[in-house]
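Notes for the one structure printed next.
The chains referred to below are lettered A, B, ... by the order of the sequence lines, with proteins before strands, and numbering in each begins at 1.
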2 protein chains.
Amino acid sequence: MPTKTYHIGVEATMEIIGGKWKSIILCHLRHQTMRTGELARAIPQISQKMLTQQLRELEAANIVSRHVYQQVPPRVDYSLTDYGQSLSGILHELCVWGEDNIDRRQSNGEAITLLSRDDV
Amino acid sequence: MPTKTYHIGVEATMEIIGGKWKSIILCHLRHQTMRTGELARAIPQISQKMLTQQLRELEAANIVSRHVYQQVPPRVDYSLTDYGQSLSGILHELCVWGEDNIDRRQSNGEAITLLSRDDV
DNA sequence: ACTGATAGTTACCTTTTGGTGGGTAGGGCA
DNA sequence: TGCCCTACCCACCAAAAGGTAACTATCAGT
């Protein structure tokens, strides 16, 4: 089996939280356990396919855990694992830096809106 | 002009440091100003095209600045702007978390190598 | 018997991202 | 004259990521 080689730590981190959706999902799960539908409503731009696909990958990386309740209609929820919690600080900073960046660009005349803040 | 809309701060951050290369480049520039060729040697997997393309985008976002010396052969170097420095803490944490993640996976039996650490 | 609710899968397609291999400039130097 | 050096650009192609729409299962309620 070929050994996977990284040159710098950030490569490994980005493999886990990179992509268009993972960091957004994680930012939401940072505050609370959420059902599939809640996540979908919190991230209205995401498609069903992407949501479950990304959740599966985060689960495989042991960042989120998936709880299935034996009910009909189905009930499934997701939360950060203990290990996933270790990303919480980073996720928060990523949110805050982005909010500042948006403010900056707005005051620079760019047409930009931020719909909700993550202020603690 | 259509207004660009973000739903959460992290979206904006990821637009800037996301993708396969940007965070790696920034992690290197965090410690020192570097010439094009130095960067290319520090990130051996990157192609010329990607290196300059990503640097242009980081420059456009006001994260890195590009200094051209009037010489032949050409000499160009890149460094973080003051604003770019505001990412330094995040970049460091991304590196450290990734290093820990790799350690974790190694002790879990995965065949993984990390070639160089960013320890401060 | 039919509908609604929830979570999920699949096939198919488009868009974005990344890689390759070639070429440019222009002064220094053998 | 001709080649080296550095940074960088371009045309073209391949691969990965993401989007759309249609489909599944199951039980409750009407």
Side-chain angles (χ1 to χ4, degrees), chain A residues 2 4-8 10-26 28-29 33-61 64-79, chain B residues 2 4-8 10-12 14-26 28-29 32-61 64-79:
Chain A
K4 178 140 209 173
T5 301
Y6 297 94
H7 291 77
I8 191 172
V10 71
E11 264 182 278
T13 308
M14 282 305 174
E15 218 170 79
I16 289 177
I17 68 166
K20 190 168 174 182
W21 303 114
K22 297 220 182 79
S23 58
I24 299 177
I25 293 171
L26 292 175
H28 286 286
L29 291 181
T33 293
M34 292 175 82
R35 297 187 56 172
T36 313
E38 285 183 288
L39 274 168
R41 263 170 271 120
I43 313 175
Q45 334 97 275
I46 203 173
S47 64
Q48 258 262 8
K49 172 189 150 187
M50 279 293 118
L51 181 57
T52 44
Q53 182 180 110
Q54 303 302 299
L55 284 167
R56 291 292 174 280
E57 292 178 18
L58 290 169
E59 201 190 350
V64 312
S65 59
R66 177 168 180 266
H67 309 274
V68 182
Y69 300 81
Q70 268 309 121
Q71 298 183 1
V72 168
R75 178 191 182 93
V76 177
D77 64 34
Y78 296 90
S79 54
Chain B
K4 178 142 212 172
T5 300
Y6 297 94
H7 292 75
I8 191 172
V10 70
E11 264 183 276
M14 282 306 175
E15 218 171 78
I16 289 177
I17 67 166
K20 190 168 173 183
W21 303 115
K22 298 220 181 78
S23 57
I24 299 178
I25 293 171
L26 292 175
H28 286 287
L29 291 181
Q32 43 182 318
T33 294
M34 291 176 83
R35 297 187 56 174
T36 313
E38 286 184 287
L39 275 167
R41 262 170 273 120
I43 313 173
Q45 335 97 274
I46 202 174
S47 65
Q48 258 263 6
K49 173 187 151 188
M50 279 293 118
L51 180 56
T52 42
Q53 184 181 108
Q54 302 301 300
L55 284 167
R56 292 291 173 281
E57 292 178 16
L58 290 169
E59 202 190 348
V64 311
S65 59
R66 177 170 180 264
H67 309 274
V68 182
Y69 299 82
Q70 267 312 120
Q71 299 182 1
V72 167
R75 178 190 182 94
V76 177
D77 64 34
Y78 297 90
S79 55

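Under the 4.5 Å side-chain criterion, counting only non-hydrogen atoms from C-beta, A/I17 is in contact with B/M14. Within the 4.5 Å cutoff, no side-chain heavy atoms of A/Q53 are placed close to those of A/R56. You'll find the side chain of A/H28 reaches within 4.5 Å of the side chain of A/L39, heavy atoms only. Two residues are said to be in side-chain contact when any heavy atoms from C-beta on lie closer than 4.5 Å; B/I43 and A/H7 fail this criterion.
Looking at heavy-atom distances under 4.0 Å, A/Y69 makes no contact with the nucleic acid at all.
A/M50 has its CE atom 15 Å from the P atom of C/dG8, to the nearest Å. Summarising the geometry, the separation between CD on B/Q71 and P on D/dC5 is reported as 16 Å, rounded to the nearest angstrom. Atom-to-atom, CD of B/E38 to C1' of D/dA7 comes out at 14 Å; the value is rounded to the nearest Å. Protein atom CH2 of B/W21 is 15 Å distant from nucleotide atom P of C/dT17, rounded to whole Å. Computed from coordinates, the A/L39 CG to C/dA7 C1' distance equals 12 Å when rounded to whole Å. As a whole-Å value, the separation of B/Q48 CD from D/dA11 C1' is 16 Å. Protein atom CZ of A/R66 is 16 Å distant from nucleotide atom P of C/dT6, rounded to whole Å. With rounding to whole Å, A/D77 atom CG is found 13 Å from C/dT6 atom C1'.
Side-chain nitrogen and oxygen atoms of A/R56 include at least one within less than 4.0 Å of the OP1 or OP2 phosphate oxygen of C/dG8. Using a 4.0 Å cut-off, some side-chain N or O of A/R35 falls inside it from OP1 or OP2 of C/dA7. OP1 and OP2 of D/dA21 both lie 4.0 Å or more from every side-chain N or O belonging to A/K49. The side chain of A/T36 contributes an N or O atom lying less than 4.0 Å from OP1 or OP2 of C/dG8.
Residues B/G19 and A/Y78 both approach DNA chain C. Their nearest nucleotides, taken by heavy-atom distance, put A/Y78 toward the 5′ side. If you find the closest nucleotide of DNA chain D to B/V76 and to A/S47, the one lying nearer the 5' end belongs to B/V76.
Closest to the side chain of A/K20, from the set C/dT6, C/dG26, D/dG19, is D/dG19. Of the candidates D/dC27, D/dG18, D/dG19, the closest approach to any side-chain atom of A/Q54 belongs to D/dG18.
Closest of all the heavy-atom pairs between B/H67 and B/S65 is NE2-OG, 3.3 Å.
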